[in-house]
Asker: 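Pasting a structure below so you can have a look.
We count ligands from 1, going down the list as the structure has it; atoms in each ligand are counted the same way. Bear in mind that the values here come from a model prediction, so they are computed numbers and not experimental data.
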Amino acid sequence: METLLLTIPQTEGYDSQLDRAAELIRSGQLVALPTETVYGLGADALDPEAVASIYQAKGRPSDNPLIIHVPNDRSWLDRYCRQVPELAYELAEAFWPGPLTMILKRDPIVPDRTTGGLDTVGIRCPDHPVTLEIIRRADRPIAAPSANTSGRPSCTRAAEVLEDVGGRIAAVVDGGDCRVGVESTIIDLTGPTPCLLRPGGMPLELLEALCGPIQRDPATLRQMSGSEQPRAPGMKYRHYAPKAPVTVVTGAAEKTADYIARQGGPTTGVICFEEFAGHFPTSQVAVLGPLHDMTQQARNVFSVLRSFDERQVDQIYAQCPESTGLGLAVANRLKKAAGFHVIELEGER
Ligand code: AMP
Ligand code: MG
């Protein structure tokens, strides 16, 4: 299949490109879409066959459910979810459109294929004008997991989507580089208290300011053992991993830099803060961003992980931000890429 590249930030032909993407979705095809978090691989969430082809194109395990993307309109929450708590409307009001996914009881209209057989559904309104307009024109909720091949780092640029699933999907809508760079924060609202299933682009502190303390699913903190079931099925899989094994080193940045420099060699990859870029002269360096600029780190983390697949490295060491604000999501993605292989050094950052 030849994958169409629909380039959007242009005035000429803008409208017809949006119509074309919406029409492809309505006819059961796969279209990769830009969002503020990462590129999503979109299909009509109500069409089980279209949804099945998402799993096929990504090589995604079929028990790993999909998030549905809807307009910023509470009537869409009511259409696809049941027993919606008042808190869900409040969170949507405060944080949509934005990188917040809520897990709610599903309405039976949402097919099993979309929810991986669960009686809940993940729902969010993405903060990207192009994709919001495509959803509106398709007049369907769009199921869209991250557009990478399963297990690889997510895609934050259209070219990365083509690299991963080009030839297997009908089109990629190029909306430029993703502004946030990590996937949405997932909060489960089906239990007695809200629970964090995946840290992401919406800082936990902002959510807690509105809903009070949020529990954390253990899968957000450590590797799950074979017998454990995380509440977000996707969290049990190895993820975001480049081909070479990754080790995350936590602690004061000067100390982690020194530690990593001692491991270095020509086939060692190093993910480091900008301030330490000159610290590893014998290794292959990729810069995450300035030490205290977690917004920049979030934007870069996946392309940095991907960059090592084009280089000759047999091991990768990574400095790691503090787990506050967006740093919680950046640290989580690095640790997952490392299979939670983390070396903890003493000392404050
Ligand atoms: P991705 O689309 O690649 O960002 O992955 C979506 C994530 O959302 C995966 O980790 C899924 O397991 C999780 N997810 C989607 N729907 C649900 C649900 N109904 N319950 C729990 N987790 C979900
Ligand atoms: Mg994913």
Asker: Restricting to pairs with a member in residues 81-119, which pass ring pair (Phe, Tyr, Trp, His ring centres under 6.0 Å), not counting sequence neighbours?
Answerer: none
Asker: Looking only at the side chains, is there a donor atom on one of Glu183 and Ser154 sitting less than 3.5 Å from an acceptor on the other?
Answerer: yes
Asker: State, to 0.1 Å, how close Ala143 and Ala45 come at their nearest heavy-atom pair, and which atoms those are.
Answerer: N-CB, 3.6 Å
Asker: What is the ring orientation for His279 with Phe276, classed by angle as parallel under 30°, tilted 30 to 60°, or perpendicular over 60°?
Answerer: perpendicular
Asker: Is there a side-chain contact between Pro34 and Asp174 (heavy atoms, below 4.5 Å)?
Answerer: no
Asker: Of Leu91, Val84, Thr120, Ile103, which is the lone residue that meets side-chain contact (heavy atoms from CB on, under 4.5 Å) with Leu189?
Answerer: Leu91
Asker: May I have a table of the N/O to N/O pairs between ligand 1 and the protein that fall below 3.5 Å, each row giving the two atom names and the distance to 0.1 Å?
Answerer:
unit_1   : atom_1 : unit_2 : atom_2 : d
ligand 1 : 2 (O)  : Ser146 : N      : 3.3
ligand 1 : 3 (O)  : Arg60  : NH1    : 3.3
ligand 1 : 3 (O)  : Ser146 : N      : 3.2
ligand 1 : 3 (O)  : Ser146 : OG     : 2.9
ligand 1 : 4 (O)  : Arg198 : NH1    : 2.7
ligand 1 : 4 (O)  : Arg198 : NH2    : 3.4
ligand 1 : 5 (O)  : Arg60  : NH2    : 3.3
ligand 1 : 12 (O) : Asn64  : OD1    : 2.9
ligand 1 : 12 (O) : Pro233 : N      : 3.3
ligand 1 : 12 (O) : Gly234 : N      : 2.7
ligand 1 : 19 (N) : Thr120 : O      : 3.4
ligand 1 : 19 (N) : Thr120 : OG1    : 3.0

Asker: What protein atoms of element N, O or S are positioned under 2.8 Å from the Mg ion (ligand 2)?
Answerer: Ser146 OG
Asker: Is it the case that the side chains of Thr35 and His128 hold a donor-acceptor pair, with the cut-off being a distance below 3.5 Å and no angle test?
Answerer: no
Asker: Please list all pairs passing the side-chain hydrogen bond (donor to acceptor under 3.5 Å, both in side chains) test where one or both residues lie in residues 268-277, with sequence neighbours left out.
Answerer: Thr268-Gln315
Asker: So do Thr37 and Arg124 actually touch side chain to side chain, heavy atoms under 4.5 Å?
Answerer: yes
